[in-house]
Peer 1: 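Structure incoming, see below.
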Amino acid sequence: GEDGYKPGGYHPVKVGEVYNQRYVVIKKLGWGHFSTVWMVKDRKLVANIKPPTTTGIGSNNNQPVFFALKVQKSAEHYTEAAMDEVELLDCIAQERKKCESTLIAQGPMSRDGIGIRA
């Protein structure tokens with residue numbers, strides 16, 4: 001409830017606010033004991049999406065890019081949990097980069113009869 005939005009508690013995020021001069025808050029996605037999570041639109045990035053057409057030739061269609069912004073409670077005892085989460089996410093990002101590099105280095109791969117890359 002509203003009583004959670006106080007010093008040490010949830011930060012009162014509002015739709016339309018801009019964070020880091022870049023991320024516009026669109027809507028609240030959810031909340032938990034430690035934080036709230038918000039959908040934000042990146043004002044700097046756009047995705048080039050080619051919609052399928054019957055001719056197979058698509059035109060570039062710049063679409064906004066959305067992210068989830070997690071806003072941690074501000075009480076000091078929540079800091080360790082937040083830092084653990086950041087460390088875990090950094091580890092995942094590093095592993096993803098390694099996997100992507102390996103796949104790029106291997107080049108296109110064929111699939112066997114049951115759809116497994118070989």
Side-chain angles (χ1 to χ4, degrees):
E2 289 294 316
D3 57 332
Y5 291 87
K6 60 184 179 187
Y10 298 116
H11 175 75
V13 176
K14 292 181 178 44
V15 171
E17 284 186 315
V18 179
Y19 286 84
N20 202 29
Q21 301 174 346
R22 180 172 180 169
Y23 303 102
V24 181
V25 177
I26 303 300
K27 71 177 190 172
K28 189 175 190 176
L29 295 174
W31 60 275
H33 182 70
F34 297 113
S35 62
T36 55
V37 180
W38 299 82
M39 175 189 278
V40 295
K41 181 174 84 171
D42 191 327
R43 298 194 318 181
K44 293 186 179 179
L45 289 179
V46 292
N48 286 322
I49 297 172
K50 293 184 181 180
T53 64
T54 55
T55 62
I57 302 170
S59 61
N60 283 344
N61 189 7
N62 291 334
Q63 296 293 320
V65 176
F66 296 93
F67 292 99
L69 172 70
K70 184 172 183 176
V71 182
Q72 187 78 24
K73 281 185 174 180
S74 61
E76 192 172 326
H77 59 278
Y78 294 114
T79 302
E80 184 178 351
M83 296 307 292
D84 288 345
E85 186 172 351
V86 169
E87 186 177 336
L88 177 63
L89 292 170
D90 283 343
C91 185
I92 291 168
Q94 289 173 9
E95 190 62 29
R96 178 181 175 177
K97 285 180 184 178
K98 287 182 199 174
C99 291
E100 288 173 345
S101 295
T102 300
L103 290 173
I104 290 169
Q106 291 175 352
M109 302 175 99
S110 62
R111 295 187 183 268
D112 65 12
I114 57 172
I116 297 175
R117 292 177 76 145

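Quick caveat, the model's predicted, so the values are computed rather than measured.
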Peer 1: So, for Lys14 and Val25, which heavy atoms are closest and what is the spacing to 0.1 Å?
Peer 2: O-CB, 3.6 Å
Peer 1: Check for me, please, whether Tyr10 and Val13 land in the same ILVMFWY cluster - side-chain distances under 4.5 Å, paths through other members count.
Peer 2: no
Peer 1: State, with a plain yes or no, whether a side-chain heavy atom of Leu45 is found less than 4.5 Å away from one of Arg22.
Peer 2: yes
Peer 1: Could you tell me the separation between the CG atom of Asp42 and the CG atom of Asn20, rounded to the nearest 0.5 Å?
Peer 2: 10.0 Å
Peer 1: Please find the pair of heavy atoms, one from Lys70 and one from Ser35, that lie closest to each other, and give the distance.
Peer 2: CE-OG, 2.8 Å
Peer 1: Would a hydrophobic clustering, with Ile, Leu, Val, Met, Phe, Trp and Tyr connected at side-chain separations under 4.5 Å, put Trp38 with Leu29?
Peer 2: no
Peer 1: Check whether Val71 and Phe67 end up in the same hydrophobic cluster, where Ile, Leu, Val, Met, Phe, Trp and Tyr are linked by side-chain heavy atoms less than 4.5 Å apart.
Peer 2: yes
Peer 1: Give a yes or no on whether Glu100 atom CD has more than 12 heavy-atom contacts from other residues, nucleotides or ligands under 6.0 Å away.
Peer 2: yes
Peer 1: Between Lys41 and Phe66, is NZ or CZ placed under 6.0 angstrom from the six-membered ring centre and within 45° of the ring axis?
Peer 2: no
Peer 1: Under 4.5 Å between side-chain heavy atoms, hopping through other hydrophobics if needed: is there a path connecting Val37 to Val15?
Peer 2: no
Peer 1: Do Val40 and Tyr19 make a side-chain contact, defined as non-hydrogen atoms from C-beta onward lying under 4.5 Å apart?
Peer 2: no
Peer 1: Of all the heavy-atom pairs spanning Gly8 and Ser74, show the shortest one and how long it is.
Peer 2: N-OG, 3.0 Å
Peer 1: I need the Thr102 OG1 to Lys97 NZ distance, nearest 0.5 Å.
Peer 2: 14.0 Å
Peer 1: Answer yes or no: are there more than 12 heavy-atom neighbours, outside Tyr78 itself, under 6.0 Å from its atom OH?
Peer 2: yes
Peer 1: Working to the nearest 0.5 Å, report the span between CZ of Arg96 and CD1 of Ile92.
Peer 2: 11.0 Å
